[in-house]
Amino acid sequence: MKILANDGISKTGITQLEAAGFEVLTTTVAQEQLIHYINQNNIVGLLVRSATQVRKDIIDNCPSLRLIGRGGVGMDNIDVAYAKEKGLHVINTPAASSESVAELVFAHLFGGVRFLYDANRNMPLEGDSKFKQLKKAYAGGSELRGKTLGVIGFGRIGQATAKIALGIGMKVIYTDPFIDKASITINFFDGQTVSFDFKSVTKSALLQQADFISLHVPAQKEYVIGKSEFNIMKEGIGIVNAARGGVIDEVALIDAMEEGKVSFAGLDVFESEPKPEIKILMHPKISLTPHIGAATGEAQDRIGSELASQIITLLK
Ligand SMILES: NC(=O)c1ccc[n+]([C@@H]2O[C@H](COP(=O)([O-])OP(=O)(O)OC[C@H]3O[C@@H](n4cnc5c(N)ncnc54)[C@H](O)[C@@H]3O)[C@@H](O)[C@H]2O)c1
């Protein structure tokens with residue numbers, strides 16, 4: 001049985017699938033040639049990340065296809081309900097990348113409070129000629145320890161982010177309309193554990209109390225953070241979005257940064273991805289990454305391995 005991993009799959013996943021007797025093809029087939037390729041090669045499983053679109057045309061015209069797999073969480077690029085209606089298995093790997101995304105959030109937060117995003121832009125240009133001026137410009141840093149992190153969306157990634165925050169001595173508050181209470185256990189390297197109990201606060205309480213905010217909600221119809229939300233935040237807040245483009249109103253974000261309300265933003269996802277607005281890309285107060293939350297070796301290994309296990313169970 002042949003599996004096409006059109007957006008790639010880790011070696012771990014390939015090894016597991018091959019050991020179970022599957023043939024894994026890792027060619028990246030162009031979107032418009034996919035139907036032809038799947039039919040010609042009698043593909044039973046199509047694995048994608050976020051790039052390949054799996055719409056009705058593929059589902060209707062590829063009779064060999066029995067399974068669609070998404071390496072990662074969001075399934076916006078797959079017509080899930082339609083595929084299931086047509087009897088296809090649709091799988092994803094929701095838990096595999098949570099820790100990696102959470103660590104990226106902290107890369108933005110640690111970088112944000114010490115202006116690393118800007119220092120890294122200016123040191124290569126002026127580090128030798130204006131060292132003292134740059135030293136002064138980046139002198140007003142602050143610590144994360146002791147500050148309050150507000151987590152919007154307390155699912156897998158929100159909770160993984162909270163664990164890191166707790167580990168470095170931050171206070172954590174969260175808002176989530178579907179999770180009233182949560183208990184988080186942090187596991188240390190030597191087997192010790194510490195547990196914390198949380199209760200959801202209202203969104204407006206979170207916006208007023210947080211020193212830093214990190215968003216971990218699924219794609220929404222409306223902005224979660226727009227002008228009115230920025231208005232009630234503390235002065236000088238730092239905000240990170242590693243969830244989905246479109247949960248923060250980017251125009252309102254730029255205004256809030258220009259008014260001094262927001263001291264920095266960390267963005268891994270963008271409203272107009274994959275062509276982020278130039279105003280966002282050039283802004284001196286934004287720390288930028290190109291949607292790499294799940295892009296670690298560890299997360300990709302877990303994704304490959306979780307996909308392989310599910311495929312073996314479903315198709316063997
Ligand atoms: N940056 C990346 O590379 C990357 C990688 C993986 C996932 N993600 C994104 O991270 C986000 C979170 O993923 P997850 O695995 O934690 O999902 P999850 O489903 O475990 O958690 C999402 C939580 O958000 C809550 N929620 C929904 N609407 C809300 C709202 N308006 N306000 C507050 N809470 C709300 C839900 O109740 C849920 O508990 C998703 O958007 C996902 O696509 C990004």
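Both ligands and their constituent atoms are indexed starting at 1 by order of listing.
Protein heavy atom nearest atom 22 (C) of ligand 1, with residue, atom name and distance: H216 O, 3.4 Å. Atom 21 (O) of ligand 1 has its closest protein heavy atom at G155 CA, 3.3 Å. What sits closest to atom 44 (C) of ligand 1 on the protein, heavy atoms only, is A242 O, 3.2 Å. Atom 33 (C) of ligand 1 has P177 CD, 3.4 Å as its closest protein atom, hydrogens excluded (heavy atom only).
The pair K203-E229 counts as a salt bridge, with a side-chain nitrogen and a carboxylate oxygen less than 4.0 angstrom apart. D118 and K285 are not joined by a salt bridge, as no carboxylate oxygen comes within less than 4.0 angstrom of a charged side-chain nitrogen. A salt bridge is defined here as a Lys NZ or Arg NE, NH1 or NH2 lying under 4.0 Å from an Asp or Glu carboxylate O, and D79 with K56 fails to meet this definition. Electrostatic pairing of D211 and K234 counts as a salt bridge here, judged by a charged N lying under 4.0 Å from a carboxylate O.
The 12-atom threshold is exceeded at CZ of F196, counting heavy atoms of other residues, nucleotides or ligands nearer than 6.0 Å.
On a distance-only criterion, Q220 and ligand 1 share at least one N/O pair closer than 3.5 Å. The shortest N/O to N/O separation between I292 and ligand 1 does not fall below 3.5 Å.
Distances shorter than 4.0 angstrom occur between a heavy atom of P218 and an atom of ligand 1.
If you number the atoms of ligand 1 from 1 as listed, the ones under 4.0 Å from a heavy atom of A294 come out as 3 (O).
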